[in-house]
Each structure stands twice: as C-alpha cells, then as structure tokens.
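Accompanying notes for the structure given below.
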Amino acid sequence: MSHRTRVAQGVALVVLATAMGGARPSAESVLSGEPPELVSRLQDERVLVLEDVGESEQSFIVAYVLFERSREHVVGLLRQASRQSEYRPELNKVRTIRTLPDGRIDEQELKILFRKLTYRLRYQDDPTSERITWELDPDFDNDLARMDGFWELYGFADSPQRTLGRFGSNVEVGAGVPKFVQKGMSRKTVLRYVRNFREWIDSDGEWRP
C-alpha cells in the first residue's frame, strides 16, 4: 500500500470514527500508522510536507506539524480568523462576512504571482470534530478556481502540552497559470504557511515572519 493511500485512508477513518461518536484518536495512534522513518523525520524537523493525496484535480498537498502547545490552545488560536495576517504575509486582508451555526464565511484578499485575488471561504468547524475544513463559497464571484483544505489536530496522550497537526490544501489559481506551476507554487506555499503557523502558535501569537 502506498503512502498516498495510507494517508487518504487515515483521513477517512478519522472522519468515520468522529461521525460514529468514537473516542478521539491520540497523536500517538495517528502516527502509529506511519513509517518509522517518517515519524523520526517529523520529530527532527517539526514540519513535514508529504506527497500529494488523491488524483489530478482532487489532489491535496498534505503536511504534518508538531506544536509545543496543547490541542485546545492550538484550536483557540486557529479560530481567531482576523489574526491570520500575523503569520500570512501574502494575505492583504481578511474579514468575517457571516457567522454560521457550524462555522463562518470569510472574505480574503491575497497576492499570487503579482495578482490580487479576492475570494470567500466557508469554514466548517464542529467543536466535537477533529477537523476544521474550508472551501470556496459558491455564492461569491471568487477570483480563484478552487481553494479547499482542512486542519486535523490531535493531542498527545503522554504529553498533553504537545499537539500533532495534519494540514491539507488544494489551490487552483485558474486560467493562465499552467498546472505544473500551480502545483509547485502550492507546495512551497504550504511549507511556508505551516512553518509560519507553527512558529506563531508556539510563541502564543507573538512571532511574526
């Protein structure tokens, strides 16, 4: 079984367990399904970008991140939408348009390849779930062809002040940008984003890029 398949199955199992009311998985249980060399690299590097999960337009760039903060602390900071520009220098502005029963809709403006792009994301954030997900709001005239992703956050049973994060993202700028350029750009963007986010979280929101 390929690593791509293992990661995809792992995501599906976590969603299924949560939906069935199963016990919240620990970081140890999530990492137990990964190759020892991957876990060792993650412990050394703290941030590790994996191969794509999925096929063609359904693919995600996936990364693991180790935080030196509790899961509740990480989730609390992640939910502070207005502070994203503190660790995302490419983000010109962000504002919450609407609060929903299971999340919110944010409008964001960022700069990609010297272009300013405005779009709206619908976040789904169930407090009982392991996952925070987002996708483009179909009711808005978005400047991006696609942007969706997720954060999964797991606490360590033997070290409650540490958290394992799994991040996935898929971004398509749209016409005029070749697929291979978008893929390379997405991978670099994910790596920069998760590294910045880890530094910001571990500093309790004080660090700036």
Worksheet entry | Heavy-atom side-chain contact between L91 and Q108 under 4.5 Å | yes

Practice prompt. Output yes when a side-chain donor or acceptor of E28 lies under 3.5 Å from a complementary backbone atom of A157, and no otherwise.
Written response: yes

Worksheet item: So L117 and E109, side-chain contact (heavy atoms from CB on, under 4.5 Å) or not? Walk me through it.
Response: CA-CA 5 Å; L117 305 172; E109 181 184 281; over 6 Å; no

Worksheet item: Between N142 and D137, which heavy-atom pair has the shortest distance, and what is it?
Response: ND2-O, 2.9 Å

Worksheet item: Any chain of hydrophobic side-chain contacts (each under 4.5 Å) joining I97 to L110?
Response: no

Practice prompt. Return yes if some donor-acceptor pair links the side-chain N/O of S32 with the main-chain N/O of S29 below 3.5 Å, else return no.
Written response: yes

Practice prompt. Using a 4.5 Å cut-off on heavy atoms from C-beta on, say whether the side chain of R71 contacts that of F156.
Written response: no

Worksheet item: More than 12 foreign heavy atoms under 6.0 Å from CZ of R208: is that the case here?
Response: yes

Fill in: Side chain to side chain, Y154 and R166, heavy atoms closer than 4.5 Å
yes

Worksheet entry | Separation of S159 OG from L66 CG (nearest 0.5 Å) | 10.5 Å

Worksheet entry | SB check E135 R122 (cutoff 4.0 Å) | no

Fill in: Beyond-backbone contact of L38 with L50, side-chain heavy atoms, under 4.5 angstrom
yes

Item to complete: Answer yes or no: is there an ion pair linking R79 with D125, defined by an N-O contact shorter than 4.0 Å?
Response: yes

Worksheet, complete the sentence: Here the pair of heavy atoms bringing V94 nearest to A81 is CG1-O, 3.7 Å

Practice prompt. Taking all heavy atoms of S169 and all of V190, pick out the closest pair and write down the distance.
Written response: CB-CG2, 4.0 Å

Fill in: D202 side chain reached by R69 side chain, heavy atoms, under 4.5 Å
yes

Item to complete: Would you name the heavy atoms of Y119 and D143 that are closest together and state the gap between them?
Response: CB-N, 4.5 Å

Response to the item:
Between the CG atom in L100 and the CZ atom in R98, the distance rounded to the nearest 0.5 Å is 6.0 Å

Practice prompt. Taking all heavy atoms of S70 and all of T163, pick out the closest pair and write down the distance.
Written response: C-OG1, 3.0 Å

Worksheet item: Passes side-chain contact (heavy atoms from CB on, under 4.5 Å), W207 versus N196? Steps please.
Response: CA-CA 9 Å; W207 179 86; N196 286 1; 3.3 Å; yes

Discussion item. Between N170 and D148 (side chain of the first, backbone of the second, donor and acceptor by atom type, cut-off under 3.5 Å), is there such a pair?
Written reply: no

Worksheet item: Run the side-chain contact (heavy atoms from CB on, under 4.5 Å) check on L77 and D204 step by step: do they pass?
Response: CA-CA 8 Å; L77 285 172; D204 199 20; 4.1 Å; yes

Discussion item. Please determine whether salt bridge (charged side-chain N to carboxylate O under 4.0 Å, His left out) holds for the pair E90 and K111, giving the CA-CA distance in whole Å, both sets of side-chain angles, and the decisive distance to 0.1 Å.
Written reply: CA-CA 6 Å; E90 79 281 3; K111 186 181 294 184; over 6 Å; no

Fill in: Candidate pair D106 and Y123, rule side-chain contact (heavy atoms from CB on, under 4.5 Å), full reasoning
CA-CA 8 Å; D106 285 355; Y123 288 84; 3.6 Å; yes

Worksheet item: Okay, side chain of R120, backbone of F140: is any donor-acceptor separation there less than 3.5 Å?
Response: no

Worksheet item: Distance-only, no hydrogens or angles: does the S203 side chain make a donor-acceptor pair with backbone N or O of E199 under 3.5 Å?
Response: yes

Worksheet item: Do Q161 and E68 have side chains that get closer than 4.5 Å, going by heavy atoms?
Response: no

Worksheet item: Is the shortest heavy-atom distance from the side chain of I132 to the side chain of L78 under 4.5 Å?
Response: yes

Worksheet item: Within the distance-only criterion (no hydrogens, no angle test), does the side chain of R162 pair as donor or acceptor with the backbone N or O of F67 below 3.5 angstrom?
Response: no

Worksheet item: Just by distance, do the side chain of R104 and the backbone of P101 share a donor-acceptor pair under 3.5 Å?
Response: no

Discussion item. For the CG atom on D158, are there more than 12 heavy atoms of other groups (residues, nucleotides or ligands in this structure) within a distance under 6.0 Å?
Written reply: yes

Worksheet entry | Carboxylate-amine/guanidinium proximity below 4.0 Å for E152 and R131 | yes

Response to the item:
When E86, Q80, R88 are each screened for side chain to side chain donor-acceptor pair (under 3.5 Å) with Q84, the one that passes is R88

Worksheet item: In the single-linkage hydrophobic clustering (I, L, V, M, F, W, Y; side-chain heavy atoms under 4.5 Å), do L121 and I105 co-cluster?
Response: no

Fill in: Side chains of T99 and T96 in contact at under 4.5 Å (non-hydrogen atoms)
yes

Item to complete: Decide yes or no on ring pair (Phe, Tyr, Trp, His ring centres under 6.0 Å) for F167 and F197, but give the supporting numbers first.
Response: CA-CA 11 Å; F167 172 83; F197 187 60; 8.4 Å; no

Worksheet entry | Heavy-atom pair with the smallest gap, counting every atom of L164 and A27 | CB-CB, 3.6 Å

Practice prompt. Tell me yes or no: between the side chains of E34 and Y64, is some donor less than 3.5 Å from an acceptor?
Written response: yes

